[in-house]
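Below is one structure, written out as structure tokens; the observations come after it.
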Amino acid sequence: MKVNFKIIRQQYNSPAVVQNYILETEPGNTILDCLNRIKWEQDGTLAFRKNCRNTICGSCAMRINGRSALACKENVGNELARLPQQSDGIPEISIAPMGNMPVIKDLVVDMNSFWENLEAVAPYVSTAARQVPEREFLQTPQERSQLDQTGNCIMCGACYSECNAREVNPDFVGPHALAKAYRMVADSRDTDTANRLENYNEGTKGVWGCTRCLYCDAVCPMEVSPLEQITKIKQEILSHKQASDSRSIRHRKVLVELVKAGGWIDERQFGLQVVGNYFQDLRGLLSIAPLGLRMLIKGKFPLSFEPSEGVEEVRSLITAVKAED
Ligand code: FES
């Protein structure tokens with residue numbers, strides 16, 4: 001079958017252009033096989049990364065039909081089935097470089113920020129506070145199994161490429177780094193958990209910068225589920241910190257307490273407790289005063305609060321989930 005590969009081509013700091021390459025191929029051929037053939041048979045100037053050809057090295061991540069994926073994992077048949085095609089004409093597959101990283105050439109991106117953000121979470125097991133054993137640091141099979149999911153990460157950059165939080169917040173370290181961060185928190189040999197949690201709790205560069213769009217989980221080719229790992233770090237932070245410690249922590253704790261009290265959120269209390277820190281943060285209170293005033297004038301400020309129906313049921317659910325944790 002003939003397929004038209006619409007490839008975004010670009011030189012560093014230059015506008016991108018779309019180039020079409022028509023290839024005779026089979027549904028079972030991987031996208032990487034097709035790119036190799038385009039390069040070898042049609043255009044030797046096309047640039048892309050590859051190495052293992054077997055979903056191991058993470059080199060060949062790129063945007064295929066609009067989402068980041070490994071070119072050596074996805075095949076022509078599945079890609080054509082994913083998107084509706086024009087019934088007449090040659091079916092098309094679009095290929096573009098990953099997002100959130102500048103293009104060096106064609107499908108090759110500069111991954112410096114990706115690696116620097118990984119470095120920022122100290123992705124090494126710290127045993128500095130422990131006496132070095134005569135032989136190795138041992139783990140039970142159960143302790144080791146805590147690392148299985150995050151250990152699958154091949155650092156391809158697909159999650160980072162699609163991260164909406166990273167796109168708008170250059171401080172956010174990204175889902176790949178935080179998935180690795182949880183791998184360190186979960187490692188029974190690591191002795192630096194308290195410092196790590198402080199670091200990952202800071203501002204919006206760590207876990208609180210995540211907008212929970214879930215796209216990282218959706219595109220991860222190794223089912224590492226970065227968002228799930230970010231959520232586990234948040235749970236660790238919340239279990240070690242008080243509501244007064246930061247606005248992000250208050251946001252979570254106050255939300256649960258208000259829902260537990262009334263079945264849904266009393267928004268008046270929510271603003272005052274989270275932003276105003278229970279009337280202790282004058283600057284915070286002043287920052288929401290204009291909004292409160294505008295809402296009052298427009299008749300949108302709730303003057304009273306009625307608990308929701310089934311509040312007892314909501315409470316018992318929250319209690320049951322906490323007991324399960
Ligand atoms: Fe190694 Fe695709 S070439 S993961």
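Both ligands and their constituent atoms are indexed starting at 1 by order of listing.
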Checklist entry - What distance do E79 atom CD and I95 atom CD1 have between them, rounded to the nearest 0.5 Å? => result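 So the gap between those two atoms works out to 7.5 Å.
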Item to check | Worked check of salt bridge (Lys or Arg N to Asp or Glu O under 4.0 Å) between K322 and E257 | outcome: CA-CA 12 Å; K322 282 193 166 173; E257 286 313 313; 3.7 Å; yes
Item to check | Hydrophobic cluster partners of W264 (side-chain heavy atoms under 4.5 Å) | outcome: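 Its cluster mates, by chain and number, are F305.
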Checklist entry - Near E306 CD, under 6.0 Å, is it more than 12 heavy atoms from other residues, nucleotides or ligands? => result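 Open.
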Next on the checklist: For a distance under 2.8 Å, give residue and atom name for each protein N, O or S atom next to atom 1 (Fe) of ligand 1.
Outcome noted: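 Short answer, with waters excluded from the count: C52 SG, C57 SG.
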Let me have the donor-acceptor pairs involving side chains of residues 107-116, under 3.5 Å, with sequence neighbours excluded, atom names and distances please.
residue : atom : partner : partner atom : Å
D110    : OD1  : N112    : N            : 3.0
D110    : OD1  : N112    : ND2          : 3.4
S113    : OG   : Y160    : OH           : 2.8

Item to check | Listed partners of E41 passing side chain to side chain donor-acceptor pair (under 3.5 Å), at least two apart | outcome: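 For E41, the residues satisfying side chain to side chain donor-acceptor pair (under 3.5 Å) (neighbours in sequence not counted) are R37.
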